[in-house]
Amino acid sequence: MTEEPGVATVVAARDGDQRALDDLVSGYLPLVYNIAGHALGGHPDTDDVVQETMLRAVHGLPGLRDPAGFRSWLVVIAMNQIRLRHRDHQRVPVTGPVPEDVADPGADFVDLTIMRLQLSGQRREVVAATRWLSEDERELLSLWWLEAAGRLTRAEVANALELTPQHTAVRVQRVKAQLDAARIVVRTLERTTRCPELAYVVAEWDGVPSPLWRKRIARHSRDCVQCERCGRDLASVEGLLARLPLVPLPAALGFDPATLTGSQVAITQVTSAPVSGGKLSLLVKGAFVKPLAAAAAAVVAAGIVVAVLPSGEEPVARALPVASAQSTTTTLPPTTSSSSSSVPPSTTTAPPKPVPPPAVPVTASVKKGVSTWNFTGVGKALTDVRAGWYYNWAAHPDGVPTPPNVEFVPMIWGTKFTDDATLAKAKANGKVLLGFNEPDFPDQANMTPEQALDLWPKLAATGLRLGSPAVAHSGDKAGGWLDRFMTGAAQRGLRVDFVAVHWYGSDFSDAAVGHLKNYLAAVHARYGKPIWLTEYSLIDFSGGSARFPTQVQLAAFARGSSAMMEGLPYVERYAWFALPDEGKPGTGLYKAGGTPNEAGEAYRAAG
């Protein structure tokens, strides 16, 4: 494994030593390339992101206060550039036809990784599986991959993600679960004999990997007798990635030294100009050009760079010579970091255009939700808990302020709420409708399956996506309330789009997560539909009166259960019971005023 430049090199480069600057950039360029490559999946913008990251690092180097933190600082810059690329697709105007903003599936980072590292077996499957991850999942994977390979520390990963180490651990577990599901998909699709049911499942698939089709194909694989074996014998991802070298730089990211002769050794600004073909090229002057050229030359000299471009295709990014000393320049916005300071702007012929900071996502997961009622600070709590949705057992928010990007889901609680006016309110306030609440309990909706079936057409007539009545227990049992309802719905031809259930665990140990997982798996196996877990927590009712866990136990369960359900493709949504903490033993998350307790902090960080 190649050693990266140490603190002495960083200090010398910061103090103006040109050779040290050459070594610093050439030593860290492969790391930045691998982070961007994994995060962007080999998108054509990868080269731009790598160049912009290194450019900002060189410009910000004189203000770096902690040389020992150079690598961590560089990774933060790289992740900021990746997020900006994801959130801002406005490019510099180009001449000629505008190319499609998609990666070339024949020359993406997955193919490059497999080819250059000569991967086979389960290592090849892991790399191929990354095609099935979402943008956010690939961002995290790009960092954790290098942690597993020994190139980054957990502290550096957490710093780049702007998360605590604990939250980072939860996020890593979630993406590992998604990656394992994708590995199963890769195996399932590569079977030489494809089962007829799988052929039916993928009949409308366009052949492009996506998280949606990952869920569908993985769900089939887990439920299919023939394909189920594809999930067996999956080796640990950490073990497969351990000691993997970095993917070598492609020649497309190299810089032609012949165009750089005569460059002056000084850190200056850059300008970007339209380029025929649509790629953003950098016109660079000064010390930044030389280190990148030296980096490419050094790697070529080491014999590890090969061209991976399609035949006859020009490199997608190339450093260009400076056209004139009077070229218009723009000032780079300063990079935000605890260990760097902004570089004073130079004189420009036009005012610089500020780059907006990356938007902070409101939700941690579209799956994660909460049940709540109105209490002091409920709006603040709904914003802070970072849930994607909520419900309040009613057909409308009923005074609960709904934050932006948080979805309200209406419910028809029981028989007396099936009037036309209430159904109209539900239709006006949501896109999804929850059915009757715990009809199997006398003190809740208290309905027989037949009564619920008789009223069901009124709910279906709203046209909203419709979830089954949410039973309090035994949703997986043959002959149980839910089983009788689902059987009757099938016989009557009634629409049920997903199954809603509740679950409360009486075991407060770490085993509770496994108990919940087993229940959800059994429910899904019985009905074969997506699942919404609309109430869940830990409460022991076995002693006649409710017994509640400690905050430590609740917090541990919130973290573990959320990570588990995020990895189950058939669980569409889940909601903790409940958001309000009323100052007495219970399972609430937020105190009056909207302040989280320990369990609330854990659930906020989960998902």
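Only a predicted model underlies this, so the values are computations on that prediction, with no experimental measurement involved.
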Q) Would Phe375 and Trp373 satisfy ring-ring contact (aromatic ring centres under 6.0 Å, His included), going step by step from the backbone distance to the final call? A) CA-CA 6 Å; Phe375 68 99; Trp373 50 88; 7.6 Å; no
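A ring pair (Phe, Tyr, Trp, His ring centres under 6.0 Å) with Phe557 is found for exactly one of Phe508, Tyr504, Tyr536, Tyr603, namely Tyr536.
Here Trp132 and Trp205 bring their ring centres to under 6.0 angstrom of each other.
Contacts of Asn446 classified as side-chain contact (heavy atoms from CB on, under 4.5 Å), with partners at least two apart in sequence or in another chain: Pro442. Legend: residues meeting side-chain hydrogen bond (donor to acceptor under 3.5 Å, both in side chains) with His502, ordered by chain and number and at least two apart, are Glu438, Thr534. Listed by chain and residue number, Glu137 satisfy the side-chain hydrogen bond (donor to acceptor under 3.5 Å, both in side chains) test with Ser134 (two or more places apart in sequence, or in another chain). With sequence neighbours excluded, the residues satisfying side-chain hydrogen bond (donor to acceptor under 3.5 Å, both in side chains) with Arg573 are Glu407.
A cation-pi arrangement is absent between Lys215 and Tyr570 under the rule of less than 6.0 angstrom and at most 45 degrees off the ring axis.
Counting heavy atoms of neighbouring residues, nucleotides and ligands inside a 6.0 Å radius, atom CG of Asp510 does not exceed 12 of them.
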Acceptor/donor pairs from residues 585-594 side chains to any protein atom, 3.5 angstrom cut, sequence neighbours excluded:
residue : atom : partner : partner atom : Å
Thr587  : OG1  : Phe577  : O            : 2.5
Tyr590  : OH   : Asp384  : OD2          : 2.6
Tyr590  : OH   : Val385  : N            : 3.4

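Among residue pairs with one or both ends in residues 466-482, none qualify as side-chain hydrogen bond (donor to acceptor under 3.5 Å, both in side chains); sequence neighbours excluded.
Considering only heavy atoms from C-beta on, Phe498 comes within 4.5 Å of Leu434 through its side chain.
Note on Arg465 versus Glu572: salt bridge recorded, some NZ/NE/NH1/NH2 to OD/OE distance being below 4.0 Å.
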